[in-house]
Amino acid sequence: MTDYRYDTQLLIEGAGISEDEIAAWFEGHFRGNCLLVVGDAELMKIHYHTNEPWKVLEYCASLGEIFDIVIEDMIRQSAGRQG
């Protein structure tokens, strides 16, 4: 079983966003693992496993427009159910 239930993925479109600053914020403010932050100063892809995906969405929305949001329940997936 996984410690973090939700696979959270999204794109952020904004101005002057930074991979390093976003990664540092996640590491200092959220509990989770498998962090991936890639992109450029205008478009960033986020991938993160957490139990509190709503906090990730709230923070990312403060940086710019968020879209292509996917939150998958990995426990349901491992049990062979939709989710």
Side-chain angles (χ1 to χ4, degrees):
M1 180 143 9
T2 180
D3 291 334
Y4 299 104
R5 184 174 191 139
Y6 299 102
D7 178 1
T8 306
Q9 303 172 48
L10 62 119
L11 295 173
I12 308 169
E13 186 173 43
I17 52 181
S18 161
E19 289 178 5
D20 293 337
E21 289 176 15
I22 293 170
W25 181 270
F26 271 70
E27 291 167 3
H29 292 86
F30 300 133
R31 292 178 50 191
N33 63 15
C34 296
L35 177 62
L36 176 67
V37 181
V38 294
D40 57 33
E42 296 176 359
L43 183 64
M44 202 68 59
K45 167 77 175 186
I46 306 292
H47 173 270
Y48 193 56
H49 296 171
T50 183
N51 290 328
E52 302 172 319
W54 55 89
K55 291 183 178 181
V56 171
L57 297 179
E58 182 178 37
Y59 167 68
C60 291
S62 75
L63 301 175
E65 181 181 351
I66 59 174
F67 60 101
D68 286 350
I69 300 164
V70 177
I71 299 172
E72 296 178 322
D73 186 330
M74 295 184 293
I75 293 173
R76 289 184 59 85
Q77 285 179 336
S78 68
R81 298 182 296 203
Q82 293 281 334

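Contact detail for T50 and R31: the closest heavy-atom pair is OG1-O, 3.1 Å. Nearest heavy atom pair, residue N51 against residue D3, reads ND2-O, 3.1 Å. Across every non-hydrogen atom of I71 and P53, the tightest pair is CD1-CB, 3.8 Å. The nearest pair of heavy atoms linking I17 to L43 is CD1-N, 4.1 Å.
Between F30 and W25 the shortest side-chain heavy-atom distance falls below 4.5 Å. The shortest side-chain heavy-atom distance between I46 and F26 falls under the 4.5 Å cut-off. You'll find the side chain of Q9 reaches within 4.5 Å of the side chain of E72, heavy atoms only. The shortest distance between side-chain heavy atoms of D7 and H47 falls below 4.5 Å.
Considering I66, L11, I69 in turn, I66 is the only one that fulfils the side chain to side chain contact (heavy atoms under 4.5 Å, CB included) rule with C60.
Note that NZ of K45 and CG of L10 are 7.5 Å apart. Values are rounded to the nearest 0.5 Å. The CG atom of L57 sits 12.0 Å away from the CD atom of E52 when rounded to the nearest 0.5 Å.
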* Take D73 and Y6 through the test side-chain contact (heavy atoms from CB on, under 4.5 Å) and record every step on the way to the result. => CA-CA 5 Å; D73 186 330; Y6 299 102; 4.1 Å; yes

* To do: Apply side-chain contact (heavy atoms from CB on, under 4.5 Å) to the pair M44 and I22, showing each step before the final yes or no.
  => CA-CA 9 Å; M44 202 68 59; I22 293 170; 3.9 Å; yes

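Side chain of E13 to main chain of G64: no donor-acceptor pair is present (N/O by atom type, distance under 3.5 Å, no hydrogens or angles). Distance alone, capped at 3.5 Å, is enough to place a donor-acceptor pair between the Y48 side chain and the G32 backbone.
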